[in-house]
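Working notes, beginning with the structure itself.
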Amino acid sequence: MAEKKIMLGNEAIARGAYEAGVKVSAAYPGTPSTEISENIVKYPEIYSEWSPNEKVAMEVAIGASISGVRAMASMKHVGVNVASDPLYTASYSGVGGGLVLVAADDPGLYSSQNEQDTRCVARAALVPVLEPSDSGEAKEFMKFAFEISEKYDTPVILRTTTRLSHSQGPVELEERAQIEDKAYVRNPQKFVMMPGNAKGRHVHVENRMKQMAEDGCEYPINRAEYGDTSIGFITSGIPYQYVKEVFPNASVLKLGMVHPLPKKLIQEFASKVDKLYIFEELEPVIEEQVKSWGIPAQGKELFTVQGEYSANMLRRVLLQEEPQKEAASQVPARPPILCPGCPHRSVFSVLNKLKIHAAGDIGCYTLGAVAPLNVIDTTICMGASISTLHGMEKAKGKGYIKNWVAVIGDSTFMHTGVNSLMNMVYNQGTGTVIILDNSTTGMTGHQDHAATGKTLMGETVPAIDIVKLCKAMGIQHVVEVNAFDIQTLEKVVKEEVARDEVSVIITKSPCVLLKGNVFPNVCRPLPEKCKKCGMCLRPGCPALTKNADGTVSIDETMCNGCGLCKTLCKFDAIETCAR
């Protein structure tokens, strides 16, 4: 009897890659996709890496596929934007060994700057999409994705969502498939996408999609579950679970392949039910196509295009029930905050004092936008802080940005900040860039990157020297500062923003949550010296609490002894001592 195990969706995807015989996996960490690679690395048969960004990860996987092995790339939905250039072309060139892109969408915006739907990208790129609805299917769909990739000569997208990625379910473990490497045969007509070759490949792509739409009617992952035919649902992924919970007796067409759609199967199902609903999160991808075929159905006129769906949504909309409020909705809102001892808080407290605005980026430091720090004014996408500052300077002149800086983390700088900084130098920009170097990719769970000196597989490698990298671009003023030395940092910031050229400040202090960090000291208040001025409270450290009498308490279980509050206190009312 096969062994079964309870797995996260992301863990099951990794297991599916292992069982499918994958040999190369590349990714950039991004919630909710990060744990895929963190589980893949447990299988030594698969080479796995953190690439500097998603475009590079996609290209690594494409190269491995061309060489004749099964390969994959993993990323969150906004990472697909970064990877779209090679993805669109790989759709034309096709594959050698099977090629799968795992794209994790984020309905509900749990950890993202938008709610885009990867199925829309797939339609434009002419790439098929599979969408599992639980952990068991996540594993099996990964294996099936490689089969159809090789059968139809196409990259395949496995679409997951936050709910699936981070939910658990039973998974049946099987042996790893022994897939022989395909011999590489030079074929420039297939893999050199210049116009003359691409024209022929486009014909192949269109024919391929038509064939898959026909064959999809027989795929086991597309199945009609007939029950009460007075009501029918077309659905996929996690929303399928909600339909089965609320309407267990209804007829359901569960689509495992959501692009291209199996038209004949859908037409047959629709003809057998009296009332048809299309229940899909985010964009009306299925709905628009179904309605374009003249099939009457209801979808987004009843269900929102925003946010994550739920069983309660179905109860409220179709059964006119008002479900009992979920416990989570009754809990007071608690906005996210920087951790006690976070080096970003120290940097932002200086910028706040100097009344300096910051063009922000994607990372923990985005929290510098909210009270009480109130420093970050913009956040667009990975690497955009530097380019945004450059655009402001070119639009309004050098004087306009004398009270502005760009802030970016070390991992994000390696992701796409390097190109943005090169652009500032090349186009003779003016502005100060602060690289918040906390020695990790903090927001997604402390992954390594090219400047940390360690790979996903645990190998020690030369770390990119950010100072030398900046100087190699021709930047004359590159200064490293301890993030908690706020006196020196204040002096340096004043000097650098006054320059009429590009300058870089690198604030160095490791993330307080990095494994191995030991905090021997703790800060303790001295109430008898406290003047109740509140200066120590201004950076918003959650370890500090204002007492009823105006003095301050420090929770020693939270305090990491960074000393920021002590530095800010002008009356020596806080001391640092051993735990």
Side-chain angles (χ1 to χ4, degrees), residues 52-53 343-344 346-361 363 365 368 375-378 380 382-439 449-453 462-510:
N53 63 39
H344 303 332
S346 177
V347 175
F348 290 152
S349 67
V350 171
L351 297 180
N352 180 281
K353 177 183 177 182
L354 297 177
K355 294 181 170 54
I356 287 180
H357 302 265
D361 226 293
Y365 43 88
V375 170
I376 302 290
D377 281 22
T378 69
I380 310 300
M382 298 283 281
S385 59
I386 301 172
S387 305
T388 300
L389 183 68
H390 178 66
M392 289 177 174
E393 186 261 326
K394 292 304 181 185
K396 292 291 188 72
K398 296 179 180 180
Y400 180 78
I401 62 165
K402 289 303 180 184
N403 65 333
W404 278 82
V405 295
V407 297
I408 188 168
D410 48 326
S411 180
T412 310
F413 179 69
M414 303 309 295
H415 180 279
T416 34
V418 175
N419 287 352
S420 301
L421 187 57
M422 281 193 290
N423 182 62
M424 280 187 78
V425 176
Y426 173 61
N427 287 299
Q428 303 178 72
T430 296
T432 299
V433 175
I434 300 180
I435 301 175
L436 305 166
D437 185 356
N438 63 355
S439 303
H449 57 75
T452 66
I464 300 293
D465 189 317
I466 296 178
V467 173
K468 291 180 180 178
L469 180 60
C470 293
K471 288 184 175 180
M473 295 182 197
I475 301 170
Q476 300 300 310
H477 299 279
V478 183
V479 185
E480 271 191 329
V481 184
N482 183 325
F484 290 105
D485 185 352
I486 60 174
Q487 284 85 8
T488 301
L489 180 58
E490 182 176 338
K491 174 177 177 292
V492 168
V493 170
K494 288 178 180 177
E495 291 173 350
E496 298 309 315
V497 297
R499 299 188 190 278
D500 288 334
E501 59 187 295
V502 177
S503 63
V504 174
I505 302 169
I506 303 171
T507 59
K508 291 186 70 69
S509 186

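Here the structure is a predicted model, which means the values were calculated and not measured.
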Give the minimum heavy-atom separation between Met414 and Pro52, together with the two atoms involved.
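Closest approach of Met414 to Pro52: O-CB, 3.9 Å.
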Test log, rule salt bridge (charged side-chain N to carboxylate O under 4.0 Å, His left out), inputs Lys402 and Asp500:
CA-CA 9 Å; Lys402 289 303 180 184; Asp500 288 334; 2.8 Å; yes
Does the side chain of [Y] come within less than 4.5 Å of [X]'s, by heavy atoms?
| X | Y | answer |
| --- | --- | --- |
| Ile408 | Ile434 | no |
| Glu501 | Thr430 | no |
| Ile435 | Val504 | yes |
| Thr378 | Met392 | yes |
| Asn403 | His357 | yes |
| Leu469 | Val418 | yes |

Treating Asn438 as the side-chain partner and Asp410 as the backbone partner, does any N or O pair qualify as donor plus acceptor under 3.5 Å?
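Answer holds: no.
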Going by the rule side chain to side chain contact (heavy atoms under 4.5 Å, CB included), which residues pair with Lys353 if we only count those two or more places apart in sequence or in a different chain?
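Residues passing side chain to side chain contact (heavy atoms under 4.5 Å, CB included) with Lys353: Glu490.
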Are side-chain N/O atoms of Tyr365 and Thr412 paired as donor and acceptor at under 3.5 Å?
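Note: Tyr365 and Thr412 side chains meet the donor-acceptor criterion.
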Kindly indicate, with the supporting measurements, whether the criterion side chain to side chain donor-acceptor pair (under 3.5 Å) is fulfilled by Ser503 and Glu496.
CA-CA 6 Å; Ser503 63; Glu496 298 309 315; 3.3 Å; yes
How far apart are the C-alpha atoms of Val502 and Leu421, what are their side-chain angles, what is the distance that settles it, and do they pass the side chain to side chain contact (heavy atoms under 4.5 Å, CB included) test?
CA-CA 9 Å; Val502 177; Leu421 187 57; 4.0 Å; yes
Would you please classify the geometry between the Phe348 ring and the His344 ring as parallel, tilted or perpendicular, with 30° and 60° separating the classes?
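Because their plane-to-plane angle lies in the 30° to 60° range, the rings of His344 and Phe348 count as tilted.
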